[in-house]
Visitor: 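Please see the structure below; I have some questions.
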Number of protein chains: 2
Amino acid sequence: MITIKELANVCGVSRGTIDRVLNNRGNVKPEKRALVLNMMKKLNYTPNPAGKALASHRNHPSVGILIPAEGIRFFDAVMDAMKKAEKKYELFGLKVIWRNMHGYDVNMQCNIIDELKDKVHALIITPINDPKVIEKINEFIADGIFVVTLNNDVEHSDHHCYVGSDDLNGGQTAGALLKMIGPEKLRIGILLGSLKVLGHQQRLEGFKLIMNDDPQCNVIDIKENNDDDILSYNTTKDMLEEHPEINALFVISSGGNYGACRAVLSLYKEKDLTIIVFDTIPTTIEMMKNHIIKAAIYQHPRQQGQRAMQIVFDYLINGIRPERDRYIMKNEIRILQNL
Amino acid sequence: MITIKELANVCGVSRGTIDRVLNNRGNVKPEKRALVLNMMKKLNYTPNPAGKALASHRNHPSVGILIPAEGIRFFDAVMDAMKKAEKKYELFGLKVIWRNMHGYDVNMQCNIIDELKDKVHALIITPINDPKVIEKINEFIADGIFVVTLNNDVEHSDHHCYVGSDDLNGGQTAGALLKMIGPEKLRIGILLGSLKVLGHQQRLEGFKLIMNDDPQCNVIDIKENNDDDILSYNTTKDMLEEHPEINALFVISSGGNYGACRAVLSLYKEKDLTIIVFDTIPTTIEMMKNHIIKAAIYQHPRQQGQRAMQIVFDYLINGIRPERDRYIMKNEIRILQNL
DNA sequence: TTGAAAGCGATACCAT
DNA sequence: ATGGTATCGCTTTCAA
């Protein structure tokens with residue numbers, strides 16, 4: 001473990017010069033720069049994180065968090081894990097600026113991004129899939145702000161790192177599981193939040209991939225519930241009344257789980273239906289305890305939040321770049337016993 | 001965020017005195033000590049980890065790792081995760097001393113513990129369940145060495161922290177899952193490593209808890225395979241020939257998975273049996289891809305290794321004591337799609 | 001029993 | 001363009 005001081009001695013320059021080279025601050029003669037870089041490689045220099053942490057303490061490195069989480073129960077666990085991480089990392093001088101928002105208002109998200117611009121060194125964001133937002137994010141990156149996108153992998157948006165789930169695989173896992181635990185001849189009703197949400201789309205696609213090549217399985221109906229429980233209640237009721245042959249329900253987004261289950265209960269159909277859902281939010285757990293929902297796909301929300309924070313912390317405080325540019329959570333299967 | 005300097009000013013003493021109080025080095029007048037402790041609480045002083053790390057760098061804090069892992073595939077992932085953590089933490093000056101061992105030789109484990117005694121500040125150990133080992137561990141604790149027990153929660157052994165799985169719940173989860181994915185009338189054959197291994201015992205117990213109150217489910221036979229694939233092969237073959245009515249197999253320990261599956265294949269019974277197992281070691285994954293094994297219980301081996309290392313790191317380098325004294329992994333259900 | 005001062009590794013700023 | 005120096009929070013001498 002060689003230090004910056006030793007490196008300076010070996011190169012015959014001062015620590016200041018080394019620092020300038022290491023952090024690309026310019027004002028170093030090219031040949032010296034080359035020499036330093038060379039030596040650095042040769043001696044396998046790695047900056048000491050503790051030293052960095054201490055020295056850059058005055059910087060008050062800060063990260064902005066912008067997640068349209070309000071009203072989406074899935075994000076409760078994500079945020080909770082992030083807050084826990086915040087507490088741990090604040091000892092090291094990391095400041096967190098929270099900017100929650102409700103719903104998918106593009107202009108609002110753009111405004112908040114703008115407002116954060118000169119306040120933070122890093123940004124954790126769940127971007128809305130819109131060109132204007134994407135442009136803003138790309139601007140951030142160009143300005144040297146470290147960006148982690150969380151849970152929504154928007155195309156053509158730059159980022160240094162993506163943390164989220166593999167929804168296509170989530171759909172496949174759900175499909176395969178339903179084939180295992182459901183009746184032999186599956187007559188499936190599907191409820192989802194909105195086809196406009198990329199994640200919901202992909203879950204559906206994955207599910208269909210598993211079902212389509214099996215003549216025993218039929219998807220009878222697909223309806224949107226806008227992630228609203230009341231709407232979900234009515235939609236599910238309609239669906240089940242229209243198609244009494246349905247014997248399995250796949251609820252793709254956690255928003256409508258509760259409403260769908262209540263609809264099933266109101267029709268006294270709970271014994272006739274195998275229900276599987278996404279996410280283990282409190283109402284889902286309740287319905288699993290009541291044996292209405294058989295299984296849920298769990299996408300490690302806490303781990304998502306924790307990982308995003310850790311990546312930012314390692315970058316800002318320790319100067320360690322993330323090893324990968326995509327951190328994808330496993331799709332887990334949860335039943336009553338391993339909730 | 002108050003610093004040691006500010007604390008010293010407020011108390012009207014020097015930083016040296018504060019340090020003596022904080023680290024119980026003695027040589028402080030009791031009333032001053034009380035004053036400092038008081039102020040510390042009042043101002044909610046928390047030592048800055050970066051400062052600590054930097055100053056105590058020369059200490060070369062070190063951790064010993066003693067796991068009877070050789071030959072048990074489950075531990076491959078645990079060790080791999082620990083090695084990754086080692087690489088990350090060595091930048092911060094943490095030294096790791098590896099002492100792997102094969103099998104469950106009590107004296108050997110005791111000897112290695114002794115040998116580590118004056119080399120390490122912390123120990124991560126998977127203890128053999130024996131009074132002699134337990135005594136050694138308790139000695140360590142008495143000597144002020146920080147001990148994390150991993151994956152084997154031995155009774156009456158002290159430790160600062162336990163990291164492992166909940167095997168009773170693992171058995172329950174496996175049982176509930178088998179009831180979901182297996183035939184209606186279950187005729188179950190069970191294979192386990194050894195009833196002497198606490199974890200195997202508990203998995204069996206949990207499994208029975210689920211099965212016993214259901215007249216549809218019968219455990220037909222239980223056999224030990226000593227975690228040996230050849231033995232497992234023969235034992236399984238015998239069991240299936242003796243009890244042709246068996247329609248489900250529960251393989252409790254990963255050691256015998258492969259042998260059991262090969263036995264099933266040799267009898268051309270793979271279509272008639274629902275097989276579920278513990279752990280996703282490579283041979284298990286192979287058998288899942290061949291559709292022989294339907295599902296596996298996954299106990300987050302990587303997370304176990306990573307967490308144990310993190311706890312030690314936080315304690316030795318950052319001076320943060322673990323929040324809890326037990327870190328229990330979830331029992332996950334893995335099928336082909338979400339391996 | 002106590003205080004003062006010298007580091008630990010990296011950064012930031014001020015002189016050259 | 002470069003070197004020198006103070007600084008971050010804490011530990012560890014060494015004197016007194």
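Numbered from 1 within each chain, the chains take letters A, B, ... in sequence-line order. Side chains included, hydrogens not; waters and symmetry mates left out as well; all remaining heavy atoms used.
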Visitor: Indicate yes or no: at least one non-hydrogen side-chain atom of B/Ile125 is less than 4.5 angstrom from one of B/Ile113.
Guide: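 Yes, their side chains come closer than 4.5 Å.
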
Visitor: Which of parallel (below 30°), tilted (30 to 60°) and perpendicular (above 60°) describes B/Tyr315 and B/Phe146?
Guide: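 The arrangement is parallel - the two ring planes meet at less than 30°.
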
Visitor: Can you check the B/Leu54 CG to C/dA6 C1' distance for me, whole Å?
Guide: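 Interatomic distance, CG of B/Leu54 to C1' of C/dA6: 13 Å.
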
Visitor: From OH of B/Tyr45 over to C1' of D/dG9, roughly how many Å is that when rounded to an integer?
Guide: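 These atoms are roughly 7 Å apart.
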
Visitor: Indicate whether OP1 or OP2 belonging to C/dT1 is found under 4.0 Å from a side-chain N or O atom of B/Asn27.
Guide: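 For B/Asn27, the contact criterion (side-chain N or O under 4.0 Å from OP1 or OP2 of C/dT1) is met.
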
Visitor: Could you check whether atom CD of A/Glu139 has more than 12 heavy atoms from other residues, nucleotides or ligands sitting under 6.0 Å from it?
Guide: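 Result for CD/A/Glu139: enclosed.
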
Visitor: Hey, which of these two, B/Gly51 or B/Val13, hits DNA chain C nearer its 5' end, going by closest nucleotide?
Guide: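 Final value for this comparison: B/Val13.
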
Visitor: Using whole Å, what does the distance between atom P of nucleotide D/dG9 and atom CD1 of B/Ile2 come to?
Guide: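 Rounding to the nearest Å, CD1 of B/Ile2 and P of D/dG9 are 11 Å apart.
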
Visitor: Whole angstrom is fine here: how far is it from CD1 in A/Ile4 over to C1' in D/dT2?
Guide: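 Whole-Å distance recorded here is 14 Å.
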
Visitor: Can you tell me how far P of C/dG9 sits from NZ of B/Lys52, to the nearest Å?
Guide: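 Taking NZ of B/Lys52 and P of C/dG9, I get 19 Å after rounding.
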
Visitor: Compare the minimum distances between each of C/dA10, D/dG9, D/dT2 and the side chain of A/Val28, then state the nucleotide with the smallest one.
Guide: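 Of the candidates, D/dT2 comes closest.
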
Visitor: Quick one: is B/Lys5 getting a side-chain N or O under 4.0 Å of the D/dC10 phosphate, OP1 or OP2?
Guide: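 So the side chain of B/Lys5 is outside the cut-off, no N or O lying under 4.0 Å from OP1 or OP2 of D/dC10.
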
Visitor: Less than 4.0 angstrom from a charged side-chain N to a carboxylate O is my criterion; do B/Lys117 and B/Asp114 meet it?
Guide: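 Looking at B/Lys117 and B/Asp114, the cut-off is not met.
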
Visitor: Heavy atoms within less than 4.0 Å of DNA chain D: which residues of residues 14-25 of chain B have one? Give them sorted by number.
Guide: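 Contacting residues: B/Arg15, B/Asp19, B/Asn23, B/Arg25.
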
Visitor: Show the atom names and distances, to 0.1 Å, of all donor-acceptor pairs under 3.5 Å that link a side chain in residues 25-47 of chain A to residues at least two apart or in another chain.
Guide:
residue: A/Arg25; atom: NE; partner: A/Asp19; partner atom: OD2; Å: 3.0
residue: A/Arg25; atom: NH2; partner: A/Asp19; partner atom: OD2; Å: 3.1
residue: A/Arg33; atom: NH1; partner: A/Asn24; partner atom: OD1; Å: 3.3

Visitor: Do A/Ile65 and A/Met309 have side chains that get closer than 4.5 Å, going by heavy atoms?
Guide: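 SC-SC contact between A/Ile65 and A/Met309 confirmed.
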
Visitor: Could you pull out the closest heavy-atom pair between B/Asn151 and B/Ser165, with the gap in Å?
Guide: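 What the structure gives for the nearest pair is ND2-OG, 3.9 Å.
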
Visitor: How long is the line joining CZ of B/Arg33 and P of C/dT2, in whole Å?
Guide: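 Rounded to the whole Å, the gap is 12 Å.
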
Visitor: Does B/Lys32 have a side-chain nitrogen or oxygen under 4.0 Å from the phosphate oxygens OP1 or OP2 of C/dT2?
Guide: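 True: B/Lys32 side-chain N/O within range (under 4.0 Å) of C/dT2 OP1/OP2.
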
Visitor: Under 4.0 Å between a Lys/Arg side-chain N and an Asp/Glu carboxylate O for A/Arg99 and A/Glu115?
Guide: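 The answer is yes: the pair qualifies as a salt bridge.
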
Visitor: In whole angstroms, how far is the P atom of C/dG3 from the NZ atom of B/Lys29?
Guide: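 Result: 10 Å.
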
Visitor: Any ion pair linking B/Glu323 and A/Lys84 (charged N to carboxylate O, less than 4.0 Å)?
Guide: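 Looking at A/Lys84 and B/Glu323, the cut-off is met.
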
Visitor: The helix from C/dT1-D/dA16 to C/dT16-D/dA1: angle between its terminal axes, five pairs each, to 10°?
Guide: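 Overall, the helix from C/dT1-D/dA16 to C/dT16-D/dA1 bends by 50° from one end axis to the other.
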
Visitor: What integer distance in Å separates B/Leu316:CG from D/dT11:P?
Guide: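 It is 14 Å, rounded to the nearest whole Å.
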
